[in-house]
Amino acid sequence: MENKNSQGAQERPSRCPDNSAFKQQKLPAWKPKLTAPTVLSSLFIIGLFCLLMGICLILSARSVKEIQINYSDICLNCSKLRENSSNWDKECNCSVHVTLQENMLGDVFIYYRLLNFYQNHRRYVLSRSDSQLLGEDVNIQNSNCAPFTTYPNGTPMAPCGAIANSMFNDSIQLSYYLNSYTAIQVPLLKTGNSWWSDKNVKFRNPTSYNLSSAFAGTTRPPYWQKPAYLLDEEDERNNGYLNDDLIIWMRVSAFPTFRNLYRRVSHTNQFADGLPAGNYTFHIAYNFPVTKLKGKKQVVLSTVTWCGGSNLFLGIAYTVSGAVTVLAGFIITAIHLKLRKKKTYFQR
């Protein structure tokens, strides 16, 4: 009986690790000795680095030139018109004047900013079909797009979902006054504003010999004025699901107040270096209603620096972290000196 047990134990594979330097944890390793001078010097170096980086970020963010114009109050007549959904086919235009006291040099961006517009509701965030936006032939009845899937006659919406249906559709143009009587239109770039990963990975148009036939059998969402294949009538490549305005809108915000990039100023003619100081006018085709949401709309002119736009959060975070680290270093230094003095006293 003992022979059988010993034989079974020999046949059973062993669970012991191999006798190698790696599996026996005998590889050479660096084991630093954490002494008071090394720890304290590391704390002060890290703290001073964070302080300097935070100050640089704050100064850089404050150097950004930015103008915000709330046009939902200025265009009050259009706002009242859009409160009634039956007026969706009536055009309403308004103008907003702005004066630049100094030049806005470098890259100049135009944003639209929405206040009190909540995109972070769970049903709203899920109300889309990523397969449809990839140009695939899918049955949207089985998607999360409800209630914006099909019309009562069964015609599917393209694109479907609450996010696409609520896309920002105000049209904004900018004019520059050379003098009191002569105004020229500022050239604006409407492509190249979205993320590369979105434009080239997450969005695709259906395959067909032309775009209108690719969207045959579908129709626009209820709040849209044009079908998807006519979003940009001047640039065929900026249509359908590859439209930059649509792609930017489909990336929802986590906060009720947010801004999205609308256009970039093209560096041509008088605007080769940016926007010169002077008088400007925003011409706005008002289509996007916000009054029922108790929201506001703004148009923003802004430049950028090496660290981005005029966001102070990162600079403040670095500064606070550096200050706390340096303060912790001083406290630990004081404790260390106090304990070392006591230890020296008792040794004597």
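Along the sequence shown, residues are numbered consecutively beginning with 1.
With sequence neighbours excluded, the residues that form a disulfide bond (SG atoms under 2.5 Å apart) with C78 are C92. With sequence neighbours left out, the ring-ring contact (aromatic ring centres under 6.0 Å, His included) criterion links Y229 to no other residue. By the salt bridge (Lys or Arg N to Asp or Glu O under 4.0 Å) test, R128 pairs with D130, sequence neighbours left out. For K199, the side-chain hydrogen bond (donor to acceptor under 3.5 Å, both in side chains) partners are D244, not counting sequence neighbours. With sequence neighbours excluded, the residues that form a side chain to side chain contact (heavy atoms under 4.5 Å, CB included) with T182 are L178, N179. Residues satisfying the side-chain hydrogen bond (donor to acceptor under 3.5 Å, both in side chains) criterion with D198, sequence neighbours excluded, are R251.
In this structure, T149 and M157 have side chains that are not in contact, with every pair of non-hydrogen atoms separated by 4.5 Å or more.
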Which atom pairs, donor and acceptor, lie under 3.5 Å between side-chain atoms of residues 102-109 and protein residues at least two apart or in another chain?
from, atom 1, to, atom 2, distance (Å)
N103, OD1, A277, N, 2.7
D107, OD1, H267, NE2, 3.0

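A ring pair (Phe, Tyr, Trp, His ring centres under 6.0 Å) check over residues 17-37, counting only residues at least two apart or in different chains, returns nothing. Legend: ring pair (Phe, Tyr, Trp, His ring centres under 6.0 Å) pairs involving residues 128-150, not counting sequence neighbours: none detected. Evaluation of the ring pair (Phe, Tyr, Trp, His ring centres under 6.0 Å) test over residues 153-192, restricted to residues two or more places apart or in two chains, returns Y112-F168, F168-F288, Y176-F271, Y176-Y280. Within the structure, ring pair (Phe, Tyr, Trp, His ring centres under 6.0 Å) contacts touching residues 297-338 (residues at least two apart or in different chains) are F44-F330. For residues 206-229, the pairs satisfying salt bridge (Lys or Arg N to Asp or Glu O under 4.0 Å) are K226-E233, with sequence neighbours left out.
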Take F255 and F117 through the ring-ring contact (aromatic ring centres under 6.0 Å, His included) test and state the conclusion after the steps.
-> CA-CA 8 Å; F255 301 101; F117 190 94; over 10 Å; no

